[in-house]
Amino acid sequence: MSKSSELKSRKAAAVPNGVGTKGIYVAKAENSEIWDVDGRRYIDFAAGIAVLNTGHRHPKVMAAVAEQAQAFTHTCFHVTPYESYVRLAERLNALVPGDFAKKTLFLNSGAEAVENAIKIARYHTKRSAVIAFSGGFHGRTLLTMALTGKVMPYKRGFGPFPAEVFHALFPQPYQGVTTEQALADLDRLFHADVDPKSVAAIIIEPVQGEGGFNVAPAEFLRALRRLCDEHGIMLIADEVQGGMARTGKMFSIEHAGVTADLVTMAKGLGGGFPLSAVTGRAAVMDAAHTGGLGGTYGGHPISIAAAHAVLDVIESEDLCGRAARVGQKMRSRLEGLAKQLPRIGDVRGLGAMVALELVKDPKTKEPDPEATVSILAQAEARGLILLSCGTAANVVRLLAPLTIPDTVLEEGLNVLAATLQGVLGAEAARAVA
Ligand SMILES: Cc1ncc(COP(=O)(O)O)c(C=O)c1O
């Protein structure tokens, strides 16, 4: 029995069913490669779900963590604070778009950042309602599950959810939802379900992650900004997956030239260590009473040290420029494949957040989750780790570390091409026969 098979059995016996995993048990990881417990090498196009923008074990991140561990590990910022937390807040206040004074709060996970952004928006506006979008994903806590617009696997069986959360359509041109329709849907919501003057916040991922790498058009984000200004609503950009250079800019909302009132970050910020943040207008961030925000581990010194190194690396290695180049390479390869394989219905994304949508028939655009499962499994058998996404689980997403060497990127794309040709080409041939 291989070590991986043995671990799969032990996992099945010891860990709840609800915790889904791939079957690759990692022994070692370096930049964009992973080796499993049986010595098999994999190219990592998942990056710990968009966490390792700076790659596995970036030397500068590891050095910063080691240095911090020599000084102190945990004191709790509320008990005995430390300078590195304040300095990271200063850095993010300067980096997050917006020509106004900002403040930053640190937490542990993306869900916790979103929860806190909503708490802050509610406190500031003295309103309770929140609008989120279909296909959006904001986390697995009760409030963030309520905000999430994707039932499986996130919401089924876990309700009831907190009240005062409403969903509007996210523009998705490939599936027939235009920006105009999405805006009309918001208008409908304001007339049928919730008074805009009761809305504390509109939360949006400028590029949906779990929802299928749908990119919000700039005019849609600009229209949301106008609506928020008109009605005194806080605009929250959830940059947990699309932030930290992933899309070719530090924050994905920058592509639209729109400023959010509050921005949530996590994943890539900690370079592999748990850290999340909410950065926003100082007046809004300051609304809550002293002691109303925080937590035992929020802004853990080790994670904060890692994040300083991450920001240094993003700048010194020009990871925004690199994301644009990696994304361009991925896209041109996938677009070429889509011409040969019509069941690749759509290739989309922003920067190095690239995805392909699989359909049973390009005319009907009926989602093909089965082909998606086969592609992931066969890519894995060939040594490439991929993730799916999309509300119909029919989108393959590419999230390679931005530090991936060109040769490894090329190798990964070759494996992906062979896999797509193997699954979709063989089926196309069978259909013709
Ligand atoms: C956009 C977005 N928001 C929030 C979250 C939740 O983050 P976490 O899993 O760290 O709680 C995620 C996680 O995938 C995400 O993609």
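Atoms within each ligand, like the ligands themselves, are counted from 1 in listed order.
- For an aromatic pair to be called close, the ring centres must be under 6.0 Å apart, and Tyr297 with His74 satisfies this.
- For ligand 1 and Gly139, the ligand atoms under 4.0 Å from any heavy atom of the residue are 6 (C).
- Of the candidates Glu205, Met265, Glu112, Glu205 brings a heavy atom nearest to atom 1 (C) of ligand 1.
- Shown in contact with Ser109 at under 4.0 Å from a heavy atom are these atoms of ligand 1, numbered in order with element: 10 (O), 11 (O).
- Scanning the protein heavy atoms around atom 3 (N) of ligand 1, the nearest turns out to be Asp238 OD2, 2.7 Å.
- For the pair Ile49 and ligand 1, no heavy-atom separation below 4.0 Å is found.
- Taking a cut-off of under 4.0 Å to the non-hydrogen atoms of Lys267, the atoms of ligand 1 that pass are 12 (C), 13 (C), 14 (O), 16 (O).
- For the residue pair Glu210/Tyr154, the side-chain donor-acceptor check at 3.5 Å is satisfied.
- For His300 and Phe106, the distance between ring centers is not under 6.0 angstrom.
- With hydrogens left out, the protein atom closest to atom 2 (C) of ligand 1 is Phe137 O, 3.3 Å, a heavy atom.
- Atoms of ligand 1 found under 4.0 Å from any heavy atom of Gly110, numbered from 1 in the order shown, are 6 (C), 7 (O), 8 (P), 10 (O), 11 (O).
- In this model, no donor atom of one side chain and acceptor atom of the other lie less than 3.5 Å apart for His58 and Thr403.
- With no hydrogens or angles considered, a side-chain donor-acceptor pair links Asp238 and His138 at under 3.5 Å.
- Atoms of ligand 1 found under 4.0 Å from any heavy atom of Ala111 (numbered from 1 in listed order, with element): 6 (C), 7 (O), 8 (P), 11 (O).
- For ligand 1 and Glu210, the ligand atoms under 4.0 Å from any heavy atom of the residue are 14 (O).
- Protein heavy atom closest to atom 16 (O) of ligand 1, with residue, atom name and distance, is Gln241 NE2, 2.9 Å.
- Arg322 and Asp318 are not joined by a salt bridge, as no carboxylate oxygen comes within less than 4.0 angstrom of a charged side-chain nitrogen.
- Listed by first and then second residue, the ring pair (Phe, Tyr, Trp, His ring centres under 6.0 Å) pairs that reach into residues 372-404 come to none, sequence neighbours excluded.
- Protein non-hydrogen atoms do not reach within 4.0 Å of atom 9 (O) of ligand 1.
- Side chain of Asp36 to main chain of Ala27: no donor-acceptor pair is present (N/O by atom type, distance under 3.5 Å, no hydrogens or angles).
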